[in-house]
**Q** 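Handing you a structure now.
Here the structure is a predicted model, which means the values were calculated and not measured. We count ligands from 1, going down the list as the structure has it; atoms in each ligand are counted the same way.
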Amino acid sequence: MRIIGTGSAHPKRTLTNDDLSQMMDTSDAWIRERTGICTRQIITDEELDDLAAEAAQKALDDAGIAASELDYIICSNVVNEYVTPSMASIVEGKIGALCPCVDLNAACTGFIYAMDYAEALLQSGRATNILVMAAEEPTRMVDWNDRSTCVLFGDGAGAMVVTQGDSLKALKVSSKSNTSVLHYKRTLEPTPFITKEERHIPLYMAGQEVFKTAVTCSVSDLMTVLSAAGLSKDDITYYILHQANFRILDYIRHRFGVDSEKLPMNVDKYGNTSSASIPMLLDELNRDGKLKKGDLLAFSAFGAGFTSGACIIEWNK
Ligand code: COA
């Protein structure tokens, strides 16, 4: 795998902590101190698939290839308007591609899972150019009366185009089933045969348990991929971590012992955008000219499942 283009797209509506304080019993001070989040972009009258297609098109433009040259589209997504067809198939139509398309759901870790699938396709020679993307609208999953969860999330989409290459140095994904700490259950339509009352459960999160598990998994995954790649923590130029919240990221940074310049963040602007957070941050770094050929990037993410994953990839665009 080699990354040749990145793109991202954000909804237009900015929701500030002060806006939230008008809606519920919370404050800018509480949200900033506990999460580092100041604003988030949230979907109003846009469609998530339009944002996804915008991110995809920007990634193609950055890569300098046409949609017709894509051999596969893999999209990480938890919820969107369509249960079927897949978000990848919808994006395929919007950007004018013609290739196999599939969505996967590994919650906030989805983008690293998508990279794992892409690498397998590239290694087997079954694809040359793959669009690997994530599009998420967690603001459709939260209970807007639950101040402990709704303040944490924002929406967005991120994408990258990868091609044949040897930039991926190591990748690890894992899952340990634990549905109780973090879940969302939608209501399904009744059938003549299912009479039990189905209850919609908005996003539930046992905040402190998720916090601890996230830190433990991320530190362990990063150690694993560093060791698999024969690298030390100082060899990494940037740690691009799932932007869940500032305190989690800072704990990981301290436990790992790396300088803050190595751990870029944009959670203050976007909140937790689930699996879209890593490709969105990667695109921001790329567009800001912060990435140099040969830089080593470590990605790490964690989320419902409980899933987690990390990888190390050289920037060779
Ligand atoms: N505004 C004001 N007060 C709030 C609040 C809000 N938005 N949300 C919760 N509180 C209150 C609680 O009701 C509680 O009040 P009480 O002491 O009177 O009962 C108090 O703040 C402390 O709540 P607690 O849940 O113990 O806070 P915390 O320090 O654990 O912080 C999180 C809560 C969610 C920020 C924190 O647990 C966290 O970051 N967890 C990980 C979340 C995450 O990133 N998940 C995604 C992983 S993919």
Side-chain angles (χ1 to χ4, degrees), residues 15-40 42 76-79 105-113 134 136-139 141-156 158 173-184 202-221 240-255 263 265-281 299-310:
L15 190 70
T16 67
N17 294 342
D18 286 333
D19 293 333
L20 285 164
S21 318
Q22 307 291 315
M23 297 166 60
M24 64 195 75
D25 182 16
T26 189
S27 65
D28 178 52
W30 193 96
I31 301 171
R32 268 178 205 260
E33 188 190 311
R34 307 276 174 137
T35 72
I37 300 166
C38 306
T39 59
R40 66 287 289 142
I42 64 158
S76 163
N77 169 256
V78 178
V79 291
N105 174 356
C108 301
T109 317
F111 190 71
I112 295 177
Y113 271 80
E136 302 279 17
E137 51 182 333
T139 64
M141 294 157 62
V142 295
D143 174 356
W144 283 93
N145 295 309
D146 175 6
R147 64 180 183 173
S148 67
T149 52
C150 72
V151 304
L152 304 174
F153 295 94
D155 305 319
V173 281
S174 66
S175 177
K176 188 169 181 202
S177 183
N178 181 351
T179 52
S180 63
V181 290
L182 186 49
H183 57 253
Y184 164 77
L203 190 80
Y204 168 80
M205 185 170 57
Q208 291 178 6
E209 208 172 327
V210 169
F211 193 114
K212 284 184 224 146
T213 312
V215 173
T216 309
C217 287
S218 185
V219 170
S220 149
D221 289 347
I240 301 178
L241 270 45
H242 168 42
Q243 302 289 294
N245 81 42
F246 171 79
R247 275 170 61 227
I248 292 187
L249 296 174
D250 209 42
Y251 255 79
I252 295 170
R253 189 177 74 72
H254 274 109
R255 284 267 299 271
L263 207 140
M265 294 189 204
N266 62 9
V267 67
D268 55 325
K269 287 187 288 187
Y270 300 118
N272 179 344
T273 55
S274 189
S275 68
S277 80
I278 287 180
M280 280 166 57
L281 180 56
F299 299 168
S300 166
F302 38 82
F306 206 91
T307 57
S308 77

**Q** Can you tell me which portion of I248 lies within the under-4.0 Å heavy-atom range of ligand 1? Options are side chain, backbone, both, or neither.
**A**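 Side chain only; the backbone of I248 stays clear of ligand 1.
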**Q** Closest non-hydrogen protein atom to atom 32 (C) of ligand 1, residue and atom name please, with distance?
**A**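 It is W30 CH2, 4.7 Å.
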**Q** Which of the atoms of ligand 1 are close to A244, meaning less than 4.0 Å from one of its heavy atoms?
**A**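 The list of qualifying atoms is 44 (O).
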**Q** Quick one: does T39's side chain have a donor or acceptor within less than 3.5 Å of a partner on K269's backbone?
**A**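 It does hold such a pair.
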**Q** With heavy-atom distances below 4.5 Å as the criterion, would you say the side chains of Q243 and N266 are in contact?
**A**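 Touching, per the 4.5 Å side-chain cut-off.
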**Q** If you count the atoms of ligand 1 from 1 in the order shown, which ones are under 4.0 Å from a heavy atom of F302?
**A**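 The list of qualifying atoms is 48 (S).
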**Q** Taking both backbone and side-chain atoms of T26, is any N or O found less than 3.5 Å from an N or O belonging to ligand 1?
**A**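 So ligand 1 has an N or O lying under 3.5 Å from an N or O of T26.
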**Q** Should Y184 and V78 count as side-chain neighbours, where that means a heavy-atom distance under 4.5 Å?
**A**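 No, every pair of side-chain atoms sits at 4.5 Å or beyond.
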**Q** Would you mind reporting whether L263 and L241 have side-chain heavy atoms less than 4.5 Å apart?
**A**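 Yes. Closest side-chain heavy atoms under 4.5 Å.
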**Q** Kindly compute the distance separating CD (E33) from CG (D28), expressed to the nearest 0.5 Å.
**A**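 The CG atom of D28 is 11.0 Å from CD of E33, to the nearest 0.5 Å.
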**Q** When you look for heavy atoms under 4.0 Å from ligand 1, do you find them on the side chain of T149, its backbone, both, or neither?
**A**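 The answer is neither; T149 stays 4.0 Å or more away.
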**Q** What part of V210 sits under 4.0 Å from ligand 1 if we count only heavy atoms: the side chain, the backbone, both or neither?
**A**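 For V210, the contact with ligand 1 is made by the side chain alone.
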**Q** May I ask you to check if ligand 1 and H242 share an N or O to N or O distance below 3.5 Å?
**A**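 So ligand 1 has no N or O lying under 3.5 Å from an N or O of H242.
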**Q** Would one find an N or O of Q208, backbone or side chain, under 3.5 Å from an N or O of ligand 1?
**A**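 Checking ligand 1 against Q208, an N or O pair does fall under 3.5 Å apart.
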**Q** Given the protein's heavy atoms, is any one of them under 4.0 Å from atom 3 (N) of ligand 1?
**A**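 Yes, there is one.
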**Q** Out of M205, Q243, R34, whose heavy atom is nearest to atom 42 (C) of ligand 1?
**A**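 Shortest heavy-atom distance from atom 42 (C) of ligand 1: M205.
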**Q** What are the atoms of ligand 1, with element, lying closer than 4.0 Å to any heavy atom of G207?
**A**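 So the answer, numbered in order with elements, is 37 (O), 40 (N), 41 (C).
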**Q** Among E136, M280, H242, which residue satisfies the side chain to side chain contact (heavy atoms under 4.5 Å, CB included) criterion with S275?
**A**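 Single pass found, and it is E136.
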**Q** Might you check, step by step, whether the distance between atom 13 (O) of ligand 1 and some protein heavy atom is under 4.0 Å?
**A**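 Yes, there is a protein heavy atom closer to it than 4.0 Å.
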**Q** Using 4.0 Å as the upper bound for N to carboxylate O, is an ion pair formed by D250 and R247?
**A**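 Between D250 and R247 there is no salt bridge, as every charged N stays at least 4.0 Å from the carboxylate O atoms.
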**Q** With a 4.5 Å heavy-atom cut-off, do I37 and V151 have their side chains touching?
**A**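 I37 does not reach V151 side chain to side chain.
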**Q** Distance-only criterion, 3.5 Å: show the donor-acceptor pairs between side-chain atoms of residues 207-216 and protein atoms not counting sequence neighbours.
**A**
| unit_1 | atom_1 | unit_2 | atom_2 | d |
| --- | --- | --- | --- | --- |
| T213 | OG1 | E209 | O | 2.8 |
| T216 | OG1 | K212 | O | 2.9 |

**Q** Tell me the contacting part of M24 for ligand 1: side chain, backbone, both, or neither, using a 4.0 Å heavy-atom threshold, strictly below.
**A**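 Answer for M24: neither.
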**Q** Starting from atom 35 (C) of ligand 1, which protein heavy atom do you reach first, and at what distance in Å?
**A**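 Minimum-distance protein heavy atom for atom 35 (C) of ligand 1 reads T35 CG2, 3.9 Å.
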**Q** Does Y113 reach the main-chain N or O of S174 with its side chain, forming a donor-acceptor pair under 3.5 Å?
**A**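 Between the backbone of S174 and the side chain of Y113 there is a qualifying donor-acceptor contact (under 3.5 Å).
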**Q** Does ligand 1 have any atom sitting under 4.0 Å from a heavy atom of A214?
**A**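 Under 4.0 Å: no for A214.
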**Q** Should you measure from each heavy atom of C108, which atoms of ligand 1 turn up under 4.0 Å away?
**A**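 Result: 48 (S).
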**Q** Give the residue, atom name and distance (to 0.1 Å) of the protein heavy atom nearest atom 46 (C) of ligand 1.
**A**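 Of the protein heavy atoms, N272 ND2, 3.5 Å lies nearest.
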**Q** Under the side-chain hydrogen bond (donor to acceptor under 3.5 Å, both in side chains) test against R40, which residue among D155, N17, T273 passes?
**A**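 Of D155, N17, T273, side-chain hydrogen bond (donor to acceptor under 3.5 Å, both in side chains) with R40 is met by N17 alone.
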**Q** I need the nearest protein heavy-atom contact for atom 39 (O) of ligand 1: residue, atom name and distance, please.
**A**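 Checked against all protein heavy atoms, atom 39 (O) of ligand 1 sits closest to N245 ND2, 2.5 Å.
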**Q** Considering only non-hydrogen protein atoms, determine which one is nearest to atom 18 (O) of ligand 1 and report residue, atom name and distance to 0.1 Å.
**A**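 That would be R147 NH2, 5.0 Å.
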**Q** Do the non-hydrogen side-chain atoms of V267 and N272 ever get within less than 4.5 Å of each other?
**A**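 No, too far: nothing below the 4.5 Å cut-off.
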